[in-house]
A.B. asks: 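Right, I'll just put the structure down here and ask away after.
Quick note: residue numbers are just sequence positions, from 1. No hydrogens, no waters, no symmetry mates; every other heavy atom, side chains included, goes into these values.
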Amino acid sequence: MKRTMVDARIIVVEDQLLLGHDIIDRLKYFGYQNVSGPYASAEQAWQEVKNDLPDVALLDINLSGKMTGVDLATKLLSKGAVRIIYLSSRQDDEAFDMTLKTAPEAFLNKPFTNNELKMAVMKALNSEHTPEIQSGSREILNDRIFVKNGRGRFAILLDDILWIKSNGGDTAVIMTADRLELKDKMLPTVALNLSKIEERLSFYPHLTRASRYFIINTKQVQRVIDHQEAPGSPVKKAVLIGNKEIILGSRYRKLVTDQFHQI
């Protein structure tokens, strides 16, 4: 998508109008200039945007009127590639699960912080996948994961992951290309150790353990290189991903390099 703050069109659909205006004020404060709403119902929003689709739609799930936010998302996606961000006071899995068929970019639990809102919109605008209505949540989970971050959940496409780095305990940071310049505190953190992450993501074959502290996406490897800390020190194998050299642990080296064709 790669829209800028100037030309990105964003709509806010929220039946709590004070909250809706607050969200719009925050988006404009961030620098987004083309923000419309708040629309109190899905029906009202649909009539306003059906012939001129937005780039990003921030949708409350439960709205005034007969249509829900999920119903509106379904109609928007039937017309074009609109990035969906859901807003909800509900934090139960049922509320989250009902949104999965629309492949949302994020699910923000109210109240959410400026950083959570900013990250969700930035991610949606930089997303390169084409959103579409899915026939079931299982299909969605095969190409993306939803990571809790603060009071929301953010979609990360598995192909976009560069590496997952352990923080040394039972948490890990997921790195994608669009987050390389972000400060550590803004990176999505998973409350699992690497072994548990490997187990949960075993259905995706390109995420491979590379060392005690790293899981890498072998699809993102640019080079396999010899790494030497200092002259005379042992030479180790490493991979270059993005701007980072990741040294391969001795017990994982063959597991990684065997995945590449060599000539």
A.B. asks: Is any NZ, NE, NH1 or NH2 atom of the basic residue among Lys219 and Asp159 found under 4.0 Å from an Asp or Glu carboxylate oxygen of the other?
C.D. replies: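 Here Lys219 pairs with Asp159 in a salt bridge, since their nearest N and O are under 4.0 Å apart.
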A.B. asks: Is it true that Lys66 and Asp71 have a side-chain N and a carboxylate O under 4.0 angstrom from each other?
C.D. replies: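 No, this pair does not count.
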A.B. asks: Given side chains that start at C-beta, do those of Ile225 and Glu245 come closer than 4.5 Å, heavy atoms only?
C.D. replies: yes
A.B. asks: In the structure I gave you, are the side-chain heavy atoms of Phe146 and Pro104 within less than 4.5 Å of one another anywhere?
C.D. replies: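 A side-chain contact exists here, since the closest heavy-atom pair is under 4.5 Å.
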A.B. asks: Taking all non-hydrogen atoms of both residues into account, name the closest pair between Leu125 and Ala8 and its distance.
C.D. replies: CD2-CB, 3.7 Å
A.B. asks: Apply side-chain contact (heavy atoms from CB on, under 4.5 Å) to Ile23 and Phe112, showing your working.
C.D. replies: CA-CA 10 Å; Ile23 293 170; Phe112 41 83; 3.8 Å; yes
A.B. asks: Over 60° means perpendicular and under 30° means parallel, so classify the ring planes of Phe107 and Tyr86, tilted if in between.
C.D. replies: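 If you compare the ring of Tyr86 with that of Phe107, the planes turn out tilted.
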A.B. asks: Decide yes or no for Phe260 and Val221: does some side-chain heavy atom of the first lie under 4.5 Å from some side-chain heavy atom of the second?
C.D. replies: yes
A.B. asks: Testing the 3.5 Å rule here: is there a donor-acceptor pair between the side chains of Ser36 and Glu48?
C.D. replies: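 No, no side-chain donor-acceptor pair sits under 3.5 Å.
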A.B. asks: State, to 0.1 Å, how close Val56 and Ala124 come at their nearest heavy-atom pair, and which atoms those are.
C.D. replies: CG2-CB, 4.0 Å
A.B. asks: For the pair Lys237 and Asp226, find out whether any cationic side-chain nitrogen is under 4.0 Å from an anionic carboxylate oxygen.
C.D. replies: yes
A.B. asks: Applying a strict under-4.5 Å side-chain criterion to I, L, V, M, F, W and Y, I'd like to know whether Ile247 and Phe214 cluster together.
C.D. replies: no
A.B. asks: If you measure from the Lys or Arg side-chain nitrogens to the Asp or Glu carboxylate oxygens, is any gap between Arg9 and Asp52 under 4.0 Å?
C.D. replies: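 A salt bridge is present here (some side-chain N lies under 4.0 Å from a carboxylate O).
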A.B. asks: Would you sort out whether Ile145 and Ile174 count as a side-chain contact (heavy atoms from CB on, under 4.5 Å), showing the intermediate values?
C.D. replies: CA-CA 11 Å; Ile145 54 175; Ile174 298 176; 4.0 Å; yes
A.B. asks: Looking only at non-hydrogen atoms, find the nearest pair between Ala40 and Leu17 and report the distance.
C.D. replies: CB-CD2, 4.1 Å
A.B. asks: When rounded to the nearest 0.5 angstrom, what distance separates CZ in Arg209 from CD1 in Ile164?
C.D. replies: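 Between atom CZ of Arg209 and atom CD1 of Ile164 there are 10.5 Å.
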A.B. asks: Any link between Leu87 and Tyr29 through a network of hydrophobic side chains (Ile, Leu, Val, Met, Phe, Trp, Tyr) touching at under 4.5 Å?
C.D. replies: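 Both belong to a single hydrophobic cluster.
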A.B. asks: With clusters defined by side-chain heavy atoms of hydrophobic residues (ILVMFWY) lying less than 4.5 Å apart, directly or transitively, does Tyr252 cluster with Ile216?
C.D. replies: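 As far as the 4.5 Å side-chain criterion goes, Tyr252 and Ile216 are not connected within one cluster.
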A.B. asks: Between Lys110 and Glu116, does any NZ, NE, NH1 or NH2 come within less than 4.0 Å of an OD or OE carboxylate oxygen?
C.D. replies: no
